[in-house]
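Letters A, B, ... mirror the listed sequences (proteins, then strands); counts begin at 1.
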Amino acid sequence: MIMLNNLMFFVGKPINWTTFGIAVAIICGVALLMGVCIMLISKLCAVEEDPRIAEVEGCLAGANCGACGFPGCSGFAKALVDGTASLDACGLTSAQGKIEIGNILGIAVGGTEPTICVVACNGGNNCADKYAYQGYGDCASQELLAGGRKVCQAGCMGSGSCVDACPYLAIECYEGYAHVDPERCRSCGLCISACPKKLIKRVPVSAKVYVACSTECRGKDVMSACKTGCIACGKCQRLCPNDAIHLVNNVPIIDYSKCTSCMKCLEGCPRHCIKLVADNIS
Amino acid sequence: MLNNLLVSVGFNPEPLDVFAIIIAGLLSNNIILVQFLGICPFLGVSKKPGSALGMGLAVTAVMVITCVVTYPIFTYILVPLGIEYLEIVVFILVIAALVQMLEMILKKFSPGLYSALGIYLPLVTTNCAILGIAEKVIAYTVVDGVITMTYTLTSAVLQGLFYGLGFTLAIVLLAGMRQKVDKLNIPKSLKGFPITMITACFMAMAFYVFTLLK
């Protein structure tokens with residue numbers, strides 16, 4: 001009480017204890033009223049949620065990249081519990097996490113190998129331009145102008161639509177074309193849908209080499225347009241000891257189930273358009 | 001037409017007042033660009049127009065509800081008891097509790113809207129723009145110890161609505177501009193937040209022209 005009376009020196013006038021009491025009572029009353037209301041409403045409006053949803057969400061990667069097609073990891077967890085989504089749609093959750101989710105939901109988890117993305121083009125500055133492009137810097141807008149500024153119909157324009165789309169900062173544009181850093185890529189697939197040329201492809205993480213060109217043009221046309229484009233000579237197909245490379249529509253396709261990473265194709269390619277995945281580590 | 005609509009539901013404001021509130025809330029007295037309240041979400045949630053619109057609508061909804069509740073609390077509880085100075089404490093308490101309740105009700109009856117507003121609804125609880133409007137609409141004059149309210153309840157609620165829409169307008173405009181500015185070739189030291197501040201500054205200067213409308 002003595003301490004409270006000392007308060008007078010701060011306030012500068014005698015404390016009106018009635019007003020003080022009313023103020024405290026009003027604040028406490030309002031707080032109590034609001035507390036009771038919140039309690040009542042939370043009882044009335046309780047939403048029953050499957051407890052497994054929270055458990056599954058705890059096992060997911062939690063990056064909220066949206067590549068699975070559901071609104072964030074919580075949306076994906078809900079779809080998993082409902083049985084409307086497949087666990088394979090997420091490329092980021094660890095194998096351990098997927099096994100735990102399988103245990104929670106009582107489903108078998110497929111042993112699919114994780115993938116990473118590569119850009120199937122290495123033209124860039126080596127590939128001729130049809131016209132000089134200046135202005136709004138986006139691949140999608142360039143694509144609208146006569147199919148992009150590159151002479152090659154399947155040439156990376158290097159304007160970085162994929163760079164903007166990547167939530168993991170894995171893509172960089174240098175030497176005139178996009179490179180996916182295999183150490184950062186989580187294969188979410190957002191760049192695949194962002195690229196107007198559809199140049200970004202998925203390969204298994206164990207893959208050492210990839211074909212860095214996807215032009216379907218004849219060798220003569222490629223020769224005149226690009227210094228590093230595939231001319232469909234078929235040398236890689238002949239060199240491969242495991243019969244893993246085949247030309248389809250003038251593009252070499254590697255069958256990674258047969259590839260032993262012997263590097264014969266990479267060493268033999270006259271145009272240097274079969275590349276090491278590890279070359280793109282920034 | 002707006003006036004007829006309001007009269008038909010029991011409100012009876014002067015038509016000129018309604019017009020003045022609309023102009024003040026959206027343009028001449030814009031809560032962000034003229035009064036500089038609520039800058040935090042203005043810069044924080046304006047990366048994409050979609051999320052900016054969500055934030056703006058959440059702020060508008062909370063502002064209206066705040067005005068509906070805090071005005072009667074002030075007029076009928078705090079003023080008769082002579083403790084007007086407690087307004088800020090009581091308002092913060094009431095606003096926080098209301099948003100909590102609103103969130104639970106939305107979760108039950110409108111899960112779609114709940115997930116659309118998402119994190120923005122609890123975020124606006126402690127926004128200074130909300131408290132600023134709650135303070136603004138309870139403006140009063142004291143003549144011989146008698147307190148006279150400057151605004152009626154109807155006017156207070158309308159102000160909550162249009163100041164909220166003014167907030168939405170400003171944040172969506174900035175979000176649209178930021179998307180374009182991010183693509184431009186600007187000096188590295190200005191990229192990101194600095195250029196956003198400069199953009200916001202020019203927006204505020206442009207909106208200052210509207211203060212002449214008063």
Side-chain angles (χ1 to χ4, degrees), chain A residues 11 13 15-50 53 64 66 70-79 82 133-142 159-161 163-165 167 173, chain B residues 47-48 50-51 54 65-66 69-70 72-119 122 125 178-186 191-192:
Chain A
V11 182
K13 56 187 177 185
I15 296 169
N16 185 341
W17 290 106
T18 328
T19 323
F20 182 76
I22 290 176
V24 171
I26 285 290
I27 295 283
C28 292
V30 171
L32 195 70
L33 185 72
M34 287 297 158
V36 170
C37 285
I38 289 183
M39 205 180 73
L40 283 179
I41 289 183
S42 71
K43 281 263 188 286
L44 283 174
C45 297
V47 179
E48 280 181 31
E49 211 172 43
D50 196 327
I53 294 177
N64 289 318
F70 295 96
C73 288
S74 59
F76 186 52
K78 195 162 177 292
D82 294 344
Y133 184 87
Q134 283 181 328
Y136 191 69
D138 191 319
C139 300
S141 48
Q142 269 191 50
S159 294
S161 282
V163 178
D164 290 346
C173 283
Chain B
K47 282 214 176 86
K48 288 179 192 158
S51 51
I65 294 167
T66 302
V69 176
T70 54
I73 286 182
F74 183 80
T75 328
Y76 301 116
I77 299 178
L78 298 189
V79 170
L81 291 172
I83 45 171
E84 307 89 58
Y85 53 83
L86 280 180
E87 54 189 281
I88 293 181
V89 186
V90 173
F91 286 1
I92 288 181
L93 194 66
V94 170
I95 293 167
L98 271 176
V99 173
Q100 189 71 46
M101 287 182 227
L102 182 70
E103 211 188 341
M104 286 190 281
I105 293 170
L106 276 183
K107 197 174 181 182
K108 170 86 175 174
F109 296 105
S110 175
L113 189 61
Y114 173 76
S115 54
L117 290 177
I119 186 71
T125 312
R178 271 182 87 165
Q179 275 209 324
K180 291 215 163 41
V181 167
D182 281 351
K183 301 273 183 196
L184 295 180
N185 193 14
I186 49 175
K191 276 213 161 136

Under 3.5 Å donor-acceptor pairs involving side-chain atoms of residues 88-103 of chain B, not counting sequence neighbours:
none

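Annotation for Cys45(A) and Met104(B): closest pair CB-O, 3.7 Å, computed over non-hydrogen atoms.
Summarising the local packing, OH of Tyr85(B) is surrounded by more than 12 heavy atoms from other residues, nucleotides or ligands at distances under 6.0 Å. The number of heavy-atom neighbours closer than 6.0 Å to CG of Asp82(A), taken from other residues, nucleotides and ligands shown, is above 12. More than 12 heavy atoms of other residues, nucleotides or ligands lie within 6.0 Å of NZ in Lys108(B), so this atom counts as buried by the packing criterion.
Listed by chain and number, the residues in a side chain to side chain donor-acceptor pair (under 3.5 Å) with Ser159(A) are Gln142(A) (sequence neighbours excluded). With sequence neighbours left out, Thr70(B) forms a side chain to side chain donor-acceptor pair (under 3.5 Å) with no residue at all.
Contacts of Ile77(B) with chain A are made by side-chain atoms alone, with heavy-atom separations under 4.5 Å and no backbone atom involved. Residue Ile105(B) touches chain A through both its backbone and its side chain, counting heavy-atom pairs closer than 4.5 Å. Looking at Leu78(B), the atoms closer than 4.5 Å to chain A (heavy atoms on both sides) all sit in the side chain, from C-beta outward.
Taking non-hydrogen atoms and a 4.5 Å limit, the residue list of residues 25-35 of chain A in contact with chain B, ordered by number, reads Ile26(A), Ile27(A), Val30(A), Ala31(A), Met34(A).
When the candidates Ile41(A), Ile38(A), Ile22(A) are compared by the number of heavy-atom contacts under 4.5 Å with chain B, Ile38(A) comes out ahead.
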